[in-house]
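Worth saying up front: this structure is predicted, and the values here are computed from it rather than measured. In what follows, chains carry the letters A, B, and so on, assigned in the order in which the sequence lines appear, proteins first and then strands, with residues in each chain numbered from 1.
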2 protein chains.
Amino acid sequence: MQRVTMMDVAKLAQVSPSTVSLYLRKPAAVSPAAGQEIARAIAALGYVPNLVAGGLAAASSKVVSVIVPSIRNAFFAETVSSLQSALVAEGFQVLLGHSEYGEEQEEALVRTALSWAPAAVVLTGLSHSAGTRKLLQASGVPVVEMWELGADPIDMAVGFSHPQVGATAARHLLSKGRRTLAFLGARMQEDHRAAKRASGFVEEARQGEPRTCEIINHPGAATVEAGSLLLNRALQQIPDLDGIACSNDLIALGALFECQRRGIAVPESIAILGFGDLDFSASCIPSLTTIRPSGDLIGREAARLILSSIHGEPPDGSARIVDTGHVLVERRST
Amino acid sequence: MQRVTMMDVAKLAQVSPSTVSLYLRKPAAVSPAAGQEIARAIAALGYVPNLVAGGLAAASSKVVSVIVPSIRNAFFAETVSSLQSALVAEGFQVLLGHSEYGEEQEEALVRTALSWAPAAVVLTGLSHSAGTRKLLQASGVPVVEMWELGADPIDMAVGFSHPQVGATAARHLLSKGRRTLAFLGARMQEDHRAAKRASGFVEEARQGEPRTCEIINHPGAATVEAGSLLLNRALQQIPDLDGIACSNDLIALGALFECQRRGIAVPESIAILGFGDLDFSASCIPSLTTIRPSGDLIGREAARLILSSIHGEPPDGSARIVDTGHVLVERRST
DNA sequence: TGAGTCTATCATAGCGCTACGATCCAGGTT
DNA sequence: AACCTGGATCGTAGCGCTATGATAGACTCA
């Protein structure tokens with residue numbers, strides 16, 4: 001038993017391999033008669049094209065390599081999902097990697113990714129090791145950095161400003177009359193984007209002359225449980241706390257649960273503001289005021305940048321950077 | 001500017017390309033002196049091996065293709081994440097696809113997946129189109145079906161029995177004295193595994209002579225909001241409802257929120273049991289009794305099966321099927 | 001000392017496909 | 001009748017690497 005090759009199809013259809021290849025890539029360029037013969041032969045033999053060989057011959061494979069910190073994170077799962085849908089529709093495959101928020105791990109992933117001669121590489125965030133930047137620049141492959149906007153992207157970028165998200169959060173809490181504030185975040189040594197939201201929050205809050213404004217970090221992952229722990233720590237440090245912003249809706253939900261457990265009224269005693277607008281945020285009690293980043297849109301825009309970059313019309317100038325913005329979704333928790 | 005090839009490395013290191021290739025695959029087989037020269041040359045040139053060429057020459061690429069219904073689903077995100085970690089450690093990459101619960105879409109994905117001459121293919125569940133089965137069997141590639149166990153897997157399988165999960169849920173509710181039961185699920189036309197949990201639930205519940213036992217389905221995705229809707233529909237149909245099992249913790253959480261909203265005591269008036277043991281399930285109020293399937297373990301075991309299948313010791317007989325079981329996690333909601 | 005046995009290295013022949021330029025052959029033009 | 005045109009088809013030369021013996025040299029042992 002042998003693998004069926006294009007040659008076999010060509011023989012059966014009584015044409016040359018070149019014609020089969022042409023038919024597969026541009027069916028319109030082949031006469032209807034030959035096309036039918038070829039289609040018949042493909043079906044009869046159960047031919048599956050070998051994209052590895054094709055990729056080698058064409059010097060670029062129909063693969064887009066996507067590297068995210070973690071796919072367990074609902075944000076990135078959403079983005080990867082929409083990015084993938086858009087790319088698959090154009091005949092591309094997604095090679096996935098997760099860096100676990102480590103720059104060296106990311107560099108290793110980029111290295112392997114480039115080994116596949118991908119059509120494009122998608123990275124998360126703007127913080128990368130020098131080696132990563134060098135590898136990518138040397139490769140000449142289109143690169144999209146997503147989920148963050150700022151100075152000096154490697155190639156293209158689609159996302160939003162995290163400091164601005166923090167600022168929006170601070171303004172909202174201040175507008176609700178809150179003056180004793182905290183920002184609850186997780187893993188902020190590694191998750192630079194969360195850290196930027198935190199510092200944007202503090203900076204903006206300062207304008208409103210708060211009584212206090214602390215950043216409280218949980219070293220572990222951003223989970224509901226972490227949210228409960230963080231709220232307890234916050235209350236220990238700031239007994240008269242009246243407003244919190246969280247780096248993630250999961251943390252906000254944990255804080256909310258902890259308030260319920262301790263009999264603290266939300267939003268009357270403490271206002272809670274999240275980030276992400278996850279699945280449960282509209283449904284919980286009270287429903288969660290949050291900031292929606294639209295991971296879905298980021299994925300779609302990233303796909304658009306990649307496709308136009310490949311199809312010969314590389315976006316230039318400011319078109320290489322897409323700001324997807326953020327939206328404050330006001331609900332009952334503030 | 002040219003792409004750096006193995007030939008360039010060989011020239012600089014003053015050895016033949018074969019030796020470089022050998023060094024890259026089995027460093028121990030090359031003398032330390034030559035090895036050092038080669039390593040130096042690789043670093044100096046910034047050489048990145050071309051795995052596409054390698055895959056073609058070796059007739060199998062270091063890629064494992066994984067197809068899940070959706071990565072937005074926390075279950076599969078967890079599995080993919082652990083599967084990937086295990087595979088990356090052995091030098092494999094993961095090519096991801098999502099079928100959106102469609103068999104034709106899955107077949108199309110399998111077809112493209114096979115075009116990459118993958119080292120293995122991982123599928124979700126046991127329900128596939130005839131075409132999918134034929135393609136995979138003809139290809140001779142190792143196949144793992146995950147998240148479900150039952151008769152006649154294509155090649156290997158790792159997962160658990162969904163009817164048994166349903167039965168466990170039913171027994172637990174019965175043991176708590178509940179007799180007016182409902183199973184709340186979403187998308188059960190397409191999500192066969194959820195449907196099997198439902199029917200396992202009903203079948204086992206019948207043994208306990210319940211007053212009622214209904215299956216209620218939401219056609220859309222399994223979300224917290226769907227849970228709220230489902231609880232309302234259940235109460236409409238069964239006003240004296242006293243126990244529900246949900247096909248997913250998100251639905252259970254939605255049901256829980258809706259109970260709170262309507263002032264129904266949980267578990268006193270209605271006991272709620274979930275599935276998945278998601279992030280929030282231990283933290284919500286009351287904490288959620290649930291059944292934990294261990295998506296993490298499934299991913300690790302799938303990786304193990306794949307690796308041993310590739311490394312020449314294909315597991316045989318019953319070792320080709322791994323039952324990861326399920327665990328009832330009893331908390332406050334029942 | 002010569003045969004036998006390693007170990008380290010190498011030359012060669014593809015893997016299956018695509019890109020490119022060449023070729024063929026109707027049908028029209030002068 | 002000679003010439004051109006352009007669409008359809010084909011032949012060839014790699015893409016960059018790995019697998020497979022083959023070879024050279026160092027070492028052992030009778």
Side-chain angles (χ1 to χ4, degrees), chain A residues 2-38 41-42 45-63 91 112 114-119 139-140 312, chain B residues 2-39 41-42 45-63 91 112 114-119 139-140 310 312:
Chain A
Q2 276 279 80
R3 201 192 155 85
V4 178
T5 71
M6 189 176 273
M7 185 67 119
D8 301 321
V9 174
K11 269 188 196 139
L12 186 59
Q14 307 203 3
V15 295
S16 77
S18 310
T19 308
V20 178
S21 171
L22 191 62
Y23 170 76
L24 253 23
R25 282 170 299 120
K26 296 178 194 162
V30 171
S31 71
Q36 268 192 7
E37 269 317 300
I38 293 170
I42 287 176
L45 296 171
Y47 170 66
V48 177
N50 184 335
L51 288 179
V52 179
L56 180 59
S60 119
S61 64
K62 285 276 221 170
V63 150
T112 351
L114 289 177
S115 298
W116 285 100
S139 73
Chain B
Q2 278 280 82
R3 200 191 156 83
V4 178
T5 72
M6 190 177 272
M7 185 67 120
D8 301 321
V9 175
K11 269 187 195 138
L12 185 59
Q14 309 202 8
V15 294
S16 77
S18 311
T19 308
V20 178
S21 171
L22 191 62
Y23 170 77
L24 253 23
R25 281 170 300 121
K26 296 177 193 164
V30 171
S31 70
Q36 269 191 8
E37 268 319 299
I38 294 169
I42 287 175
L45 296 172
Y47 171 65
V48 177
N50 184 335
L51 289 180
V52 179
L56 181 59
S60 118
S61 63
K62 285 276 224 172
V63 150
T112 352
L114 289 177
S115 300
W116 285 100
S139 73
I310 292 169

Taking atom [atom1] of [X] and atom [atom2] of [Y], what is their separation to the nearest 0.5 Å?
X: B:M7; Y: B:S16; atom1: CE; atom2: OG; answer: 9.5 Å
X: A:Y47; Y: A:L24; atom1: OH; atom2: CG; answer: 6.0 Å
X: B:L114; Y: A:N50; atom1: CG; atom2: CG; answer: 10.5 Å
X: B:I38; Y: B:S21; atom1: CD1; atom2: OG; answer: 10.0 Å
X: B:K62; Y: B:I310; atom1: NZ; atom2: CD1; answer: 7.5 Å

Next item on the list: Taking only heavy atoms on the protein side, list every residue of residues 28-37 of chain B lying under 4.0 Å from any atom of DNA chain D, sorted numerically.
Entry: none
Note to self: Could you tell me how far apart B:Y23 (OH) and D:dC17 (P) are, to the nearest whole angstrom?
What the structure shows: 16 Å
Notebook entry, point to check: When the distance from NZ of B:K11 to P of C:dT9 is rounded to whole Å, what number comes out?
Noted result: 20 Å
Check: When you check the phosphate oxygens OP1 and OP2 of D:dC10, does a side-chain N or O of A:T19 lie under 4.0 Å from one of them?
Finding: yes
Margin query: Among A:T19, A:V20, A:V15, which residue satisfies the side-chain contact (heavy atoms from CB on, under 4.5 Å) criterion with A:V9?
Written below: A:V20
Next item on the list: Mark up nucleotides 16-24 of chain C, 5' to 3', with B wherever a protein heavy atom is under 4.0 angstrom from a base atom, S wherever such an atom reaches only the sugar-phosphate, and - elsewhere.
Entry: BBSB-----
Next item on the list: Answer yes or no: is there a donor N or O on one side and an acceptor on the other, between the side chain of B:S61 and the main chain of B:W116, under 3.5 Å?
Entry: yes
Note to self: Check whether B:S115 reaches the backbone of A:P49 with its side chain - one donor and one acceptor, N or O, closer than 3.5 Å.
What the structure shows: yes
